[in-house]
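Below, read A as the first sequence line, B as the second, and so on, with proteins coming before strands; counting in each chain starts at 1. Because the structure is a prediction, the values reported are computed rather than measured. Basis for what follows: all heavy atoms, side chains included, without hydrogens, waters or symmetry-related copies.
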Number of protein chains: 2
Amino acid sequence: MSTEVLDAPAPVLNRRLPAHPVVAIVGATGAVGVELLESLTSRDFPVAELRLLASARSAGTRLSFRGRDHVVQELTEDSFRGVDLALFSAGASISRKYGPIAVAAGAIVVDNSSAFRMAPEVPLVVPEVNAAAMAAHSGIIANPNCVAAILTVALAPLAQETRIRRLNVATYQAASGAGAAAMEELRQATAAYLDGQPFTPKVLPHPYAFNFFSHNAAVDPDSGYNGEEEKVVAETRRILGRPDLPVGITCIRVPVLRAHGMAVSIEFDAPVSVERARQLLGVAPGLRLVDDRVGNHFPMPVEASGQDAVLVGRIREDLGDPTGNSLALFVVGDQLLKGAALNAVQIAEALL
Amino acid sequence: MSTEVLDAPAPVLNRRLPAHPVVAIVGATGAVGVELLESLTSRDFPVAELRLLASARSAGTRLSFRGRDHVVQELTEDSFRGVDLALFSAGASISRKYGPIAVAAGAIVVDNSSAFRMAPEVPLVVPEVNAAAMAAHSGIIANPNCVAAILTVALAPLAQETRIRRLNVATYQAASGAGAAAMEELRQATAAYLDGQPFTPKVLPHPYAFNFFSHNAAVDPDSGYNGEEEKVVAETRRILGRPDLPVGITCIRVPVLRAHGMAVSIEFDAPVSVERARQLLGVAPGLRLVDDRVGNHFPMPVEASGQDAVLVGRIREDLGDPTGNSLALFVVGDQLLKGAALNAVQIAEALL
């Protein structure tokens with residue numbers, strides 16, 4: 001993917017949006033599409049006009065935005081006339097085809113798919129971490145993989161203080177990362193299990209009721225890493241500006257609806273105290289410290305779901321590192337918000 | 001706990017059970033107690049006579065064993081007369097009080113609680129790993145914490161080949177570790193969630209439906225590690241005979257009924273190839289290799305639950321270690337079987 005070259009104009013410095021942009025959402029009826037509408041609303045984004053786009057199958061669906069019904073239109077090559085901002089969330093092949101068309105029509109594209117994330121001319125952005133990367137772009141800005149976005153917002157305040165030497169991450173990933181149909185499958189499979197009824201999974205490759213399994217992305221038969229793990233590693237390196245950072249990772253789907261967790265072990269070049277980490281993470285943008293040892297209260301999906309802030313806690317020395325240079329922490333963020341829709345809207349805000 | 005001293009006779013070499021022992025189960029009506037009956041049956045343990053013991057509250061309950069009903073009796077100081085083998089699974093305070101009484105009455109105790117696990121005169125045993133530790137004992141043999149048992153059975157074949165330098169573990173722990181009531185709470189909380197009904201947790205400190213949370217054991221306010229993590233670290237070191245092994249660990253409860261998972265990163269003194277690890281783990285006792293990269297088929301609770309074998313897979317180089325000395329793997333085992341009842345019965349078998 002790092003060799004992907006965009007059929008797009010050369011990067012332009014500080015190309016920005018008008019104060020009240022015309023906004024198109026591609027993939028409006030998906031799990032992320034619905035949350036894009038929510039985030040545009042909750043953050044009071046100055047939408048001059050909204051255009052909802054989806055496949056022919058979903059065209060005609062009505063979605064409410066700011067109290068007004070909008071009819072979803074079929075995505076075509078003519079969909080982007082007059083659009084200033086196109087938020088894409090309909091998969092990599094749709095982005096590859098229609099992203100350049102939207103740019104050619106004059107739009108700035110914020111793309112939630114993996115299509116362009118490693119293209120050198122496309123900034124890959126978590127606004128709290130590397131907003132400066134947006135200073136020059138060719139019309140497309142990539143929104144990171146959900147784990148990478150949630151992880152880097154928690155790592156950046158520490159990485160800015162002391163260089164990270166290596167990382168180890170084990171994820172607890174929600175159904176929402178596989179789309180609205182996977183969320184529904186989790187609900188139905190669980191209801192069937194509780195009723196003693198059989199259930200055959202259709203969306204995910206394994207039974208999901210009261211079960212966890214290695215992430216459903218295909219596994220590289222040579223390295224043994226799956227596509228999700230490869231994305232998290234490559235994107236975390238790119239967002240943090242550390243192309244060679246060693247990252248060990250295991251991505252696991254757990255039976256949770258919409259918030260991703262991660263147990264993170266961070267080895268630094270020098271010791272970072274728990275107190276200092278707590279101080280840094282406690283004031284960093286996009287984070288909320290949930291780190292109550294006495295109350296045994298730490299980040300968890302029931303409190304992260306529907307929240308813009310990523311929750312971080314269980315900050316302690318990582319006793320697996322005898323040098324004393326490592327910290328452990330636990331991070332939980334809403335996969336559909338910071339992991340997708342919210343981050344895209346934050347990118348758009350930075351372009352205003 | 002490591003300073004706990006038993007009021008028990010000095011260790012005796014090779015004190016063993018008769019060929020057909022009288023067996024008592026303390027905590028017979030609990031989640032592990034029921035599985036002890038199952039494991040005694042499935043492994044054809046030569047029980048001469050069975051005595052089921054529990055609190056006054058559970059006395060009178062009938063449980064079936066080998067086609068015959070047995071009435072649960074109230075545990076008293078007189079319960080162990082004539083008993084050869086006492087399997088304890090009723091919590092640490094019951095073990096502390098009644099374990100020495102059972103030993104004084106002539107029984108060998110296999111204790112599933114944490115009461116004596118770190119007592120120097122009490123062997124802490126996973127038969128596949130350190131059966132030799134049973135050669136001398138004072139009448140009590142400790143059954144390890146469930147994570148430690150499942151983890152060490154997967155680590156031992158590798159540790160015997162190449163010395164482990166450090167470990168990093170993130171767990172995915174089932175409800176069963178908190179007992180039968182927690183399993184029922186998970187079912188009820190989930191059913192309520194799916195019905196849109198409120199549910200107040202009574203057994204666990206946090207909502208469990210479609211949620212995960214840091215393990216419910218109390219957190220040391222100074223170190224930030226919880227009691228479960230402390231047990232896993234101390235017991236893993238003791239079972240592997242590596243008192244100073246650096247272990248980083250995060251214990252998380254996930255909404256699963258009875259199988260524990262763990263993402264494990266192992267740094268060795270020298271490289272161990274994936275092929276060699278697969279070979280060693282593929283023939284080691286107590287393990288089943290589930291490591292199909294092409295089919296994306298790896299260990300998971302639906303396939304580990306109810307099984308004696310611990311499942312191990314996702315064996316790959318840990319890319320978080322730039323020296324190339326590390327492997328990553330994913331392990332899932334039945335918490336009630338290898339994590340508790342099965343291991344206790346295996347210890348008893350070794351004493352015959």
Chemist: What part of B/D222 lies closer than 4.5 angstrom to a heavy atom of chain A: side chain, backbone, both or neither?
Modeler: backbone
Chemist: So which part of B/S223 gets closer than 4.5 Å to some heavy atom of chain A, the side chain, the backbone, both or neither?
Modeler: backbone
Chemist: Any idea which of A/P301, A/P246, A/P205 has the most non-hydrogen atom pairs under 4.5 angstrom with chain B?
Modeler: A/P301
Chemist: So which part of B/A217 gets closer than 4.5 Å to some heavy atom of chain A, the side chain, the backbone, both or neither?
Modeler: backbone
Chemist: Going by salt bridge (Lys or Arg N to Asp or Glu O under 4.0 Å), name the residues that satisfy it together with A/D321, two or more places apart in sequence or in a different chain.
Modeler: B/R166
Chemist: Are there residues of residues 248-259 of chain A that reach to under 4.5 Å of chain B by heavy atoms, and which ones?
Modeler: A/G248, A/I249, A/T250, A/C251, A/I252, A/V254, A/P255, A/V256, A/L257, A/A259
Chemist: Mind checking whether B/F212 and A/V332 have side chains closer than 4.5 Å, heavy atoms only?
Modeler: yes
Chemist: To the nearest 0.5 Å, what is the distance between CZ on B/R293 and OG on A/S214?
Modeler: 11.0 Å
Chemist: What part of B/R314 gets closer than 4.5 Å to chain A, counting heavy atoms only: side chain, backbone, both or neither?
Modeler: side chain
Chemist: For the residue pair B/L319 and A/E230, establish whether any side-chain heavy-atom pair is separated by less than 4.5 Å.
Modeler: no
Chemist: Can you tell me which of A/V274, A/L167, A/L186 forms the most heavy-atom pairs within a distance under 4.5 Å of chain B?
Modeler: A/L186
Chemist: Relative to chain B, which of A/E317, A/R316, A/H215, A/H206 shows the most heavy atom pairs under 4.5 Å?
Modeler: A/R316
Chemist: Determine the option with the most heavy-atom pairs under 4.5 angstrom with chain B, choosing from A/D220, A/V219, A/V294.
Modeler: A/V219
Chemist: Over all heavy atoms of both residues, which pair between B/N168 and A/D318 is shortest? Give the atoms and the distance, please.
Modeler: ND2-OD2, 3.5 Å
Chemist: Name, in order of residue number, those residues of residues 193-202 of chain B that have a heavy atom at a distance of less than 4.5 Å from a heavy atom in chain A; otherwise write 'none'.
Modeler: B/Y193, B/L194
Chemist: Do any of residues 170-179 of chain B have a heavy atom less than 4.5 Å from a heavy atom of chain A, and if so, which, in residue order?
Modeler: B/A170, B/T171, B/Y172
Chemist: To the nearest 0.5 Å, tell me how far A/E303 CD sits from B/N211 CG.
Modeler: 8.0 Å
Chemist: Please classify the contact of B/N226 with chain A as side chain, backbone, both or neither, using a heavy-atom distance under 4.5 Å.
Modeler: both
